[in-house]
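Read the numbers this way: they start at 1 and go in the same order the structure lists the ligands and their atoms.
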Amino acid sequence: MSNVVAGLAEVKARIAEAERAAERPSGAVSLVAVSKTHGIEAITPVIEAGQRVFGENRVQEAAAKWPTLRERFSDIELRLIGPLQSNKAAEAVALFDVIETVDRDKIAHALAAEMDKQGRAPRLYVQVNTGEEEQKAGIPPLDAVAFVERCRTVHGIKVEGLMCIPPVGENPGPHFALLAKIAEEAGIERLSMGMSGDFETAVAFGATSVRVGSAIFGARDYGHG
Ligand SMILES: *Cc1c(COP(=O)(O)O)cnc(C)c1O
């Protein structure tokens, strides 16, 4: 068994255990395997082992890898989990099934226009900058509920979920709790939160999907990716 397949099995077992520990139904949390920087040779065995939902953080990189993989495996769900520029909206709408990083009116507007034009409707998540970090994407927590509402009333798009990336080095629990609270206020049920280092905590705080990369694929080598 290759390393990535063992990694996948272990992450799935840990998610199941975290669901039990949190007294949540089995299967309540879905796994998004984050394949950024990894090539087709690393991703293929993970698909063959049954994983179907994948996350990529760059439109260009995803466009280079996934059309080939989708020719072989038709039932892939691809999620954009990295920042989106409005000049990439057309490509993102064409390529992704879920876009998790809607965080400003300009992007919501560009996505709405493209969805209309292409007749394709990727499911959309709003990214919330729970740590209010200067350099990080995401709508500020205090603006999030109003932004979700504007997506519907001004831009005509439906928001399925919320996503966050807690600040590095901070206890993630309060950030996950804040995201869950905003979702409740906004009437949203899906929460994308938790990565390799903290997905069990995210499951305890109500994540419905976790985005796990290195715990499956091993460390990323940005030098050659
Ligand atoms: C890279 C990335 C992940 C996965 O990170 P790991 O720590 O490798 O699990 C999750 N979410 C986002 C937004 C990412 O960019």
- Query: Does a side-chain N-to-carboxylate-O contact under 4.0 Å join R79 and E56?
  - Reply: no
- Apply the salt bridge (Lys or Arg N to Asp or Glu O under 4.0 Å) test between D97 and each candidate in R70, R123, R52; give the one that qualifies. R70
- Assign the ring pair H155 / H109 to parallel, tilted or perpendicular, where the plane angle (0 to 90°) is split at 30° and 60°. perpendicular
- Looking at L162, V126, V148, L142, which one forms a side chain to side chain contact (heavy atoms under 4.5 Å, CB included) with I182? L162
- Closest non-hydrogen protein atom to atom 5 (O) of ligand 1, residue and atom name please, with distance? M195 CE, 3.6 Å
- What's the shortest distance from atom 6 (P) of ligand 1 to any protein heavy atom, and which residue and atom give it? S196 OG, 3.4 Å
- Looking at atom 13 (C) of ligand 1, what's its closest protein heavy atom, distance included? I81 O, 3.4 Å
- E19 side-chain N/O to A21 backbone N/O, donor-acceptor pair under 3.5 Å: no
- ligand 1 and G213, any nitrogen or oxygen pair closer than 3.5 angstrom? yes
- Looking only at N/O atoms, are S214 and ligand 1 under 3.5 Å apart anywhere? yes
- Less than 4.0 Å between a side-chain N and a carboxylate O, is that true for E114 and K117? yes
- Do any heavy atoms of E100 fall under 4.0 Å from ligand 1? no
- Message: Give me the residue, atom name and distance of the protein heavy atom closest to atom 11 (N) of ligand 1.
- Response: R211 NE, 2.8 Å
- Message: Show the atoms of ligand 1 that are less than 4.0 angstrom away from any heavy atom in V212.
- Response: 9 (O)
- Looking only at protein heavy atoms, identify the closest one to atom 14 (C) of ligand 1 and say how far it is in Å. K36 NZ, 3.0 Å
- Query: Thinking salt bridges, do D105 and R150 make one under a 4.0 Å N-O criterion?
  - Reply: yes
- Can you list the ligand 1 atoms lying under 4.0 Å from a non-hydrogen atom of I165? 13 (C)
